[in-house]
Amino acid sequence: MKVSVAIPCYKVKSHILKVIEDIGPEVDRIYVVDDCCPDESGRFVEIEVKDDRVKVIFHEQNQGVGGAVCSGYRAALAEGMDIVIKIDGDGQMNPRLIPKFIKPIIEGRADYAKGSRFYSLDSLDAMPSMRKFGNAVLSFVNKVSSGYWNIMDPTNGFTAIHHSSLAMLPLDKLSKRYFFESDMLFRLGTLRAVVRDIPMTSKYEDEESGLSIVKVACEFPLKYLKAFILKDYKLIFCHPNKLNKFGYGNIIKK
């Protein structure tokens, strides 16, 4: 299988080189998406990185993390990649975990794999208190609205997806900002895709986060409600013959 990585870049100049350096040989292509970064992360990568796998994509206008990832997704589909991993460029996620994320997809046990920081006490201890509380609340609401009751940590951005599922997603309609990861789960839920959590830890150092707790509290509830209504409407018209042995749609790789 051809494996690729999409890295949205915005104000990550001090971390991006290390992130790329830690991506192992199991990856065939690396898409670095400069989301109109004021630090010119994309140009910096072009100058400093000699890895032939790297392809830099530039946005003339900032589109948010979702918009940047979707640009990477489109490039991966165009080049015939089988699996696309999404990791952030701020160094919070360990690229050496990529083999864990692609394993259930390669083995045909999942359409989509995502990280979860709720599997160990050490990981929870390292997480800032506000993030811990916010993620716990969002996890519960996401379970109700997406239908993935066995999934935690819905806003986790370390993910991997099989091209057959990715090709069925309306990339132009996915949320462009910080609701992107949750929106992915809603859309995958309407397709009855199989989703697996992958245990992981994150590093919290000097990275700059643009996610406002107040903004999340004001915007996310309405977005969850909208997605819940949309999901239920679509599932009513899901043909039963399209369900696989897991009770999900026939998206999973055979």
Side-chain angles (χ1 to χ4, degrees), residues 1-79 81-103 113-117 122-123 126-128 131 153 155-161 176-178 180-181 198-211:
M1 281 195 169
K2 291 189 290 185
V3 179
S4 61
V5 172
I7 309 175
C9 290
Y10 188 79
K11 295 184 179 180
V12 295
K13 188 175 180 179
S14 61
H15 299 279
I16 187 62
L17 296 186
K18 176 61 174 172
V19 172
I20 295 173
E21 179 185 337
D22 286 344
I23 295 175
E26 68 277 358
V27 172
D28 300 284
R29 173 68 83 182
I30 302 169
Y31 302 104
V32 173
V33 185
D34 183 320
D35 193 25
C36 196
C37 175
D39 299 331
E40 297 187 328
S41 298
R43 297 296 181 196
F44 179 64
V45 168
E46 285 187 327
I47 294 170
E48 298 293 333
V49 176
K50 307 305 179 185
D51 192 329
D52 291 337
R53 298 175 299 171
V54 175
K55 179 177 182 179
V56 181
I57 300 170
F58 292 94
H59 283 175
E60 293 184 1
Q61 294 182 333
N62 179 265
Q63 297 183 30
V65 61
V69 176
C70 284
S71 289
Y73 280 165
R74 291 188 182 95
L77 288 173
E79 291 195 321
M81 295 294 151
D82 296 297
I83 298 175
V84 191
I85 297 99
K86 180 263 178 181
I87 59 175
D88 291 333
D90 58 10
Q92 282 191 21
M93 303 165 185
N94 184 359
R96 299 187 188 279
L97 293 177
I98 287 175
K100 280 189 172 183
F101 280 75
I102 64 177
K103 183 177 180 181
K114 56 171 290 298
S116 176
R117 296 161 288 185
D122 289 341
S123 180
M127 187 183 297
R131 293 198 190 195
D153 204 3
T155 60
N156 195 302
F158 200 153
T159 66
I161 188 169
K176 297 295 189 289
R177 301 291 170 179
Y178 290 102
F180 172 74
E181 286 84 5
I198 307 296
M200 61 166 286
T201 58
S202 292
K203 295 183 294 183
Y204 302 99
E205 297 177 348
D206 62 343
E207 70 280 348
E208 182 176 344
S209 175
L211 183 58

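Quick note: residue numbers are just sequence positions, from 1.
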CD1 (I198) and NZ (K114) are apart, to the nearest 0.5 Å, by 9.0 Å
Here the pair of heavy atoms bringing S116 nearest to N156 is N-ND2, 3.7 Å
With sequence neighbours left out, the residues meeting side-chain hydrogen bond (donor to acceptor under 3.5 Å, both in side chains) with N62 are D35, R177
Tightest non-hydrogen contact, residues C70 and F180, listed as SG-CE1, 4.0 Å
Applying salt bridge (Lys or Arg N to Asp or Glu O under 4.0 Å) to K18 and not counting sequence neighbours gives D22
Contacts of D51 meeting side-chain contact (heavy atoms from CB on, under 4.5 Å) (sequence neighbours excluded), chain-then-number -> I30, V49, R53, V54
With a sphere of 6.0 Å drawn around NZ of K176, does it hold more than 12 non-hydrogen atoms of other residues, nucleotides or ligands?
yes
Shortest non-hydrogen pair, C9 vs C37, comes out as O-CB, 3.9 Å
By salt bridge (Lys or Arg N to Asp or Glu O under 4.0 Å), D88 pairs with (sequence neighbours left out) K86
Across all chains, not counting sequence neighbours, the side-chain contact (heavy atoms from CB on, under 4.5 Å) partners of E79 are R29, Y31, K55, M81
Sorted by chain and residue number, the side-chain contact (heavy atoms from CB on, under 4.5 Å) partners of R43 (sequence neighbours excluded) come out as E40, E46, F58
Residues passing the ring-ring contact (aromatic ring centres under 6.0 Å, His included) test with F101, sequence neighbours excluded, are F158
I'd like to know if the side chain of D82 reaches the main chain of M1, judged simply by a donor and an acceptor atom lying under 3.5 Å from each other, with no hydrogens or angles considered.
no
Between the CD1 atom in I20 and the CD1 atom in I7, the distance rounded to the nearest 0.5 Å is 5.0 Å
Sorted by chain and residue number, the side-chain contact (heavy atoms from CB on, under 4.5 Å) partners of P25 (sequence neighbours excluded) come out as none
Here the gap from N94 atom CG to I23 atom CD1, rounded to the nearest 0.5 Å, amounts to 10.5 Å
CG (D34) and NZ (K13) are apart, to the nearest 0.5 Å, by 11.0 Å
Here the pair of heavy atoms bringing S41 nearest to V12 is OG-N, 3.9 Å
Tell me whether K50 contacts the main-chain N or O of I47 through its side chain, where contact means a donor paired with an acceptor under 3.5 Å.
yes
Residues passing the side-chain hydrogen bond (donor to acceptor under 3.5 Å, both in side chains) test with S71, sequence neighbours excluded, are H59
Review point. Does the side chain of P95 come within less than 4.5 Å of I87's, by heavy atoms?
Key: yes
Heavy-atom nearest pair, V56 first then G42, reads CG1-CA, 3.7 Å
dist F44:CZ -> L17:CG (nearest 0.5 Å) comes out at 4.0 Å
In terms of heavy-atom contacts, A6 and G72 come closest through CB-CA, 4.1 Å
key: Under 3.5 Å: donor-acceptor pair, side chain of T159, backbone of I85   = no
| Heavy-atom side-chain proximity of C36 to Y10 below 4.5 angstrom | no
